[in-house]
2 protein chains.
Amino acid sequence: MQLPPRSELNRMHAELCTAVADPIRIAILYALSDGPRYVSEIREQLDLPQSTVSRHLAVLRATGIVADERQGRKVRYHLADHRVVEAIDLLRAVMADRVQARARSIKSAQE
Amino acid sequence: MQLPPRSELNRMHAELCTAVADPIRIAILYALSDGPRYVSEIREQLDLPQSTVSRHLAVLRATGIVADERQGRKVRYHLADHRVVEAIDLLRAVMADRVQARARSIKSAQE
DNA sequence: GGTCTTTTTGCATAATTAGCCAAACGCGTT
DNA sequence: AACGCGTTTGGCTAATTATGCAAAAAGACC
């Protein structure tokens with residue numbers, strides 16, 4: 001099998017990025033980074049309609065970022081690859097730096 | 001100044017992720033990871049309409065991922081924070097592993 | 001089979017985004 | 001000031017995505 005062309009790889013790459021580019025999905029990923037969770041636990045923690053949580057989990061599942069396993073009538077989700085959380089942590093650090101820099105500049109402008 | 005609530009941080013975080021969640025922007029970021037580039041160079045390398053490249057650069061600029069500086073009539077762009085490329089590299093590795101795993105499973109199914 | 005619990009899905013609506021062409025803008029040159 | 005080059009933006013269309021409610025599925029238990 002030959003490798004896909006670079007543009008195709010970029011498309012798949014973007015698909016992966018798109019999956020983590022949502023506030024709710026980010027919250028879900030951080031919840032899962034502490035360990036496996038049932039859908040109901042996530043729903044409770046985020047205080048969102050069941051269907052909303054389920055859809056977002058479906059997006060993450062479709063891209064292979066998380067995996068699920070039935071446990072009786074519940075479904076438990078867990079991270080499939082921890083590097084995804086590492087990646088969004090990196091971006092979060094970038095963002096945190098920016099927020100902090102902005103706070104500093106506001107403060108100095110007030111003095 | 002007090003920190004924004006977590007949901008607000010997640011929203012900003014997602015904004016950052018959204019900015020990198022596009023095949024063209026990923027290609028641009030990789031081009032810039034080698035060093036600063038003029039818009040015309042990027043346009044040429046990616047073989048896209050000028051306006052398309054410009055819009056994507058505007059998205060990256062708006063989120064602070066890249067910065068620009070005029071050089072005569074040209075505009076040169078460069079990465080503002082190298083960690084963004086590190087982050088997408090991590091995701092690219094995850095994707096590459098998945099592509100490879102799929103290739104292996106196809107191959108073994110053919111045997 | 002009927003019922004309760006947990007999760008997913010159908011459907012309709014609202015909002016966001018990409019894309020291109022053509023017009024405008026900014027800057028250097030004559 | 002007129003022209004040319006490089007870049008951005010206005011305006012429109014097409015496509016994608018999120019959302020919530022209500023209905024359906026899947027499993028456990030009687």
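Protein chains get the first letters and strands the later ones, always in sequence-line order, with residue 1 at the start of each. Predicted, not measured: the structure shown is a model, and the values here were computed from it.
Between the P atom of D:dT16 and the CZ atom of A:R55 lies a distance of 17 Å, rounded to the nearest Å. When rounded to the nearest whole Å, the span between CZ of A:R43 and C1' of C:dT8 equals 15 Å. Here C:dT6 presents its C1' atom at 13 Å from CD of A:Q71, a figure rounded to the nearest Å. The separation between B:K74 atom NZ and C:dG28 atom P is 13 Å, rounded to whole Å. To the nearest angstrom, C1' of D:dT8 lies 16 Å from CG of B:L48. The separation between B:D22 atom CG and D:dT16 atom P is 13 Å, rounded to whole Å. Distance, B:E69 CD to C:dC27 C1': 16 Å, rounded to whole Å. When the C1' atom of D:dA18 is taken as reference, atom CZ of B:R11 falls 16 Å away, rounded to whole Å.
Regarding contacts with the backbone of D:dT8, a side-chain N or O of B:Y77 is found under 4.0 angstrom from either OP1 or OP2.
The main-chain N or O of B:S51 is never found under 3.5 Å from a side-chain atom of B:S54 such that the two would form a donor-acceptor pair. Looking only at distances, no side-chain donor or acceptor of B:R61 sits under 3.5 Å from a matching main-chain atom of B:Y77.
Evaluation of the salt bridge (Lys or Arg N to Asp or Glu O under 4.0 Å) rule for B:D97 yields A:R83 as partners, not counting sequence neighbours.
Residue A:I24 is in sugar-phosphate contact alone, with no base atom involved, counting any heavy-atom pair closer than 4.0 Å across all strands shown. Counting any heavy atom pair closer than 4.0 Å across all strands shown, B:R70 reaches sugar-phosphate atoms only and no base atom. Using a 4.0 Å heavy-atom criterion, one finds that B:S51 contacts the bases of the nucleic acid, with or without backbone contacts as well. Within the 4.0 angstrom heavy-atom criterion, base atoms lie near B:S54. Among the atoms of the strands shown, none is found under 4.0 Å from any heavy atom of B:R76.
Put simply, A:L32 and A:V20 are part of the same group of oily side chains (I, L, V, M, F, W, Y) that touch within less than 4.5 Å, one to the next.
Between A:S40 and B:G72, the residue whose closest nucleotide on DNA chain C is further toward the 5' end is A:S40. The 5' end of DNA chain D is approached more closely, in terms of each residue's nearest nucleotide, by B:Q50 than by the other of A:T52 and B:Q50.
One cannot find a donor-acceptor pair under 3.5 Å joining the base of D:dG6 and the side-chain atoms of B:R37.
Out of C:dT29, D:dA18, C:dT6, the shortest distance to the side chain of A:R73 is found at C:dT6. Comparing D:dG20, D:dT8, D:dT19 by their closest approach to the side chain of A:H56 singles out D:dT19. Nearest to the side chain of A:V39, among D:dA18, C:dT8, D:dA28, sits C:dT8.
By the 6.0 Å contact criterion, CG on B:D34 is enclosed, its count of non-hydrogen atoms from other residues, nucleotides or ligands being greater than 12.
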